Amino acid sequence: MRICVISDVHFKYKHKSEADRQNAALFLDFLSSSVGRYDLMVLNGDIFDLYNEWKYSIIRQYFPVYHLLANIREAGCRIVFISGNHDFWFNGFLDKDLGIEVYHDQFYLEADGMRMIFSHGDLYTSNDVRYQLFRRLIRQPFIKWIFNLLHPELALFIGAKMSRSSRVRRVPGFMQSRRSQGLQSWAEKMISRKKADIVVLGHSHRPGIHAMGGGHYANAGDWIKNHSYLEITDGSIKLIYHNKEKAQ
Ligand SMILES: [Mn+2]
């Protein structure tokens, strides 16, 4: 089975810099080169930097991504979307219109003799109680209901302000390494308790494959700095850096 995992693309609805435009172009290039290449694509959270589906509206600027995901689906690939801490409010568009399976916490798979757990990872950072409370609150249907009463452009404006301030708040280097340590020790626990052979997380923006206790913890990295993704082919994991020249 050919599996591909990506996370932390942070695709923006508004490109403010040349770097934003380049990151978006590289990601779209990667998606088009993935049509017909995989049996399963796991979108492991924070694919979109800011996300919402209203009852009758979607964010127009995400159309290129939706279009390529539809092509990948039509070529016979199963697509799984796991929500991250930037994309968690859905309203039927991904699943009903695009045929993508949506999971809120984690996705479990047994294939090629391996047990695999995929999750974004924001649930498993250590000592981040304030965030865990915020996570629970922001996912309440009532909050989403209020947000959806706003005009989409006003809602996006407010959402962008909130998401920017939460990003700035969580940037410090020591927090980054504590975050990735939390992810690693959660993966270690799953492997040592024989719950999984492969644990794939995102969130830390640190690409890597780590062998531990007879299994592997892998992180797909991000598409802001690394433009990295994972391929799990017949149970063996490879980390790949997408390069436009090398693609095709
Ligand atoms: Mn994240």
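Hydrogens, waters and symmetry mates play no part in the numbers below; they use all other heavy atoms, side chains included. The structure presented is a predicted model; accordingly, all values stated were derived computationally and were not measured. Every number for a ligand or one of its atoms is a count from 1 in the order of the listing.
When the Mn ion (ligand 1) is compared with the N/O/S atoms of H203, atom ND1 turns out nearest.
Distance check: C4 SG to Y229 OH gives 7.0 Å after rounding to the nearest 0.5 Å. Atom NE2 of H104 is separated from atom CD1 of I82 by 11.5 Å, given to the nearest 0.5 angstrom.
Ring geometry, Y66 versus Y51: the interplanar angle exceeds 60°, so the pair is classed perpendicular (tilted spans 30 to 60°). Using the six-membered ring where Trp is involved, W223 and F27 have ring planes that are perpendicular, over 60° apart on the 30 and 60° scheme.
Rounding to 10 degrees, one finds that the Mn ion (ligand 1) sits at the corner of an angle of 100° between H120 NE2 and D46 OD2.
Among the atoms of S7, no N, O or S atom falls under 2.8 Å of the Mn ion (ligand 1).
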